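Working notes, beginning with the structure itself.
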There are 2 protein chains.
Amino acid sequence: MDRIEEWSRELFSFDVRPFLEERIFTPGEFILREGSFPQHLYFLTQGRAKIYTTHKNGKVSLLSFPAAPDLIGDMELLEVRRGSLCVQALTRCHFWVVDSRRCLPQLREDPKFLWFLCNHVARRSARQTSTLTIQQAYPLRNQLAAFLLMASEGDRYRQRHTEAAEYLGVSYRHLLYVLAQFRQEGLIAREGGEYRILDRAALEALAAG
Amino acid sequence: MDRIEEWSRELFSFDVRPFLEERIFTPGEFILREGSFPQHLYFLTQGRAKIYTTHKNGKVSLLSFPAAPDLIGDMELLEVRRGSLCVQALTRCHFWVVDSRRCLPQLREDPKFLWFLCNHVARRSARQTSTLTIQQAYPLRNQLAAFLLMASEGDRYRQRHTEAAEYLGVSYRHLLYVLAQFRQEGLIAREGGEYRILDRAALEALAAG
DNA sequence: GAATTTATATGAGAAATCTCACATCCGGAA
DNA sequence: TTCCGGATGTGAGATTTCTCATATAAATTC
């Protein structure tokens, strides 16, 4: 496969292929589980997963939906986190898996890879900053508007409400409440099993705060 | 100053001193302002600052209180953020300032520095993940307990309520409400201008969820 | 020192959000 | 097919949190 060669040349200064393995996870399968200590770096090349954590009070926080191309296991490589999150495949997921334990010395000396990693982690941090402050400053109404726009394909929105609630950090009940409000205001409409965006401009205005 | 030399040897493979400058900010002074594009990396060696952002609806989110040793301007160096945050000195702040524009080529090739940067950014991201999910899953009661323990020195808590409210992402009114609750339950007591922690164990239990 | 701002404090009522209860619908497993 | 767990939807009432008004104390400015 020369896709691998091209890709590995782009991200690494050294030949990473000896430490590389291709791997496929089926829907529902765990890439990382709470309490596990991965020794690998997972490059998601195809598919979609979800990252979440469960709290002592039983609530689940859905952190993100990584989709190809993305990187999983970076925080664990940097040893800033120790198995506090779950990563689970949503669709069939293809990975290029780097045995980071075996090639850690090379990784630590590879400016090309490290620059990529810095950018990757920093981008995630910037997203989190934004999510965190928006969540502190606005009610669900505004956040949901942004989420509808972000998670819809064209005018169609078809996410599981259970997942959306966990992602937005509100109760299922309240999510349905605000969705009903939007419907009543003519911003969205239900069509069979999914929703259709009727007034994109109004949602964008809400999302912008 | 050989403190600088020692420090620069620890973080950089190349001689960073030609690009280095020492700088002091007085309390209240801005290190970064909203809308500015810093071309520098600020190593906080002494003092304490605050990072915040203001939303369109007027609310202020206090993100963190960087204290020495810490790093400011890293996200901007990596170009994942463009002047959306304010950083303001709380106490007199001493910095070692690297002119990152002039030495960007060296920085991008320096695995020692990049490894440090990765770790730094990743640690911040891990903190944010934790903050974000805890905030989604628990009411102020629990978060405040954690904050009191974190922000107190010994048994004494003496933070500005205005700042605490912005940091915790709740209204001033509500913060006072829950503080009064804690007082009534005998967890804390007011002593002059400050508070004293009476029942650390109970607070720890609350903080743990 | 007077004036002005900023922080502290508290009340009342409204809005946002949560919990729990219950009904329906659908897809997969036996 | 039947059964069952999960997802959807809705109601009622409780809890958390917000907004606004108001008052005083402390700090800053002039």
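The chains referred to below are lettered A, B, ... by the order of the sequence lines, with proteins before strands, and numbering in each begins at 1. Keep in mind the model is a prediction, meaning the values are calculated, not measured.
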[atom2] on [Y] to [atom1] on [X], rounded to 0.5 Å:
X	Y	atom1	atom2	answer
B:Phe30	B:Arg33	CZ	CZ	4.5 Å
B:Gln128	A:Leu63	CD	CG	11.5 Å
B:Ile197	B:Ser152	CD1	OG	3.5 Å

Could you pull out the closest heavy-atom pair between B:Glu163 and B:Leu62, with the gap in Å?
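Here B:Glu163 and B:Leu62 meet closest at O-CD1, 3.4 Å.
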
Among the nucleotides [options], which one has an atom lying closest to any side-chain atom of [X]?
X	options	result
B:Leu176	D:dC18, C:dA7, C:dA9	C:dA9
B:Tyr195	D:dG9, C:dT19, C:dA9	C:dA9
A:Pro139	C:dC18, D:dG9, C:dT17	C:dT17
B:His174	C:dT8, C:dC18, D:dC18	D:dC18
B:Thr162	C:dA7, D:dG9, C:dC18	C:dA7

Could you give the [atom1]-to-[atom2] distance, from [X] to [N], as a whole number of Å?
X	N	atom1	atom2	result
A:Gln136	C:dA16	CD	P	18 Å
A:Glu166	C:dT17	CD	C1'	17 Å
A:Tyr172	C:dA23	OH	C1'	12 Å
A:Arg190	D:dT10	CZ	P	6 Å
B:Tyr177	D:dC20	OH	P	17 Å
B:Leu179	C:dT10	CG	P	10 Å
A:Arg160	C:dC26	CZ	P	15 Å
B:Leu140	C:dC18	CG	C1'	16 Å

Should B:Phe12 and B:Phe116 be marked as a ring-ring contact (aromatic ring centres under 6.0 Å, His included) after you check the CA-CA gap, both sets of side-chain angles, and the distance that decides it?
CA-CA 9 Å; B:Phe12 303 91; B:Phe116 162 77; 8.0 Å; no

Contact under 4.0 Å: A:Lys59 side-chain N or O vs C:dT19 OP1/OP2
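Indeed, a polar side-chain atom of A:Lys59 lies that close.
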
Side-chain N,O (B:Arg173) to OP1/OP2 (C:dG11) below 4.0 Å:
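Result: no.
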
Between B:Phe43 and B:Trp7, ring centroids under 6.0 Å:
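When the ring centroids of B:Phe43 and B:Trp7 are compared, they turn out to be within the sub-6.0 Å range.
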
Are the aromatic ring centres of B:Tyr167 and B:Phe65 under 6.0 angstrom apart?
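So the answer is yes for these two rings.
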
Rounded to 10 degrees, the angle between the two terminal axes of the helix from C:dG1-D:dC30 to C:dA30-D:dT1, each from five pairs:
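End-to-end axis angle: 50°.
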
Pick the nucleotide of DNA chain D nearest each of A:His161 and B:Ser171; which residue has the one closer to the 5' end?
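First, find each residue's nearest nucleotide; the 5'-ward one identifies A:His161.
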
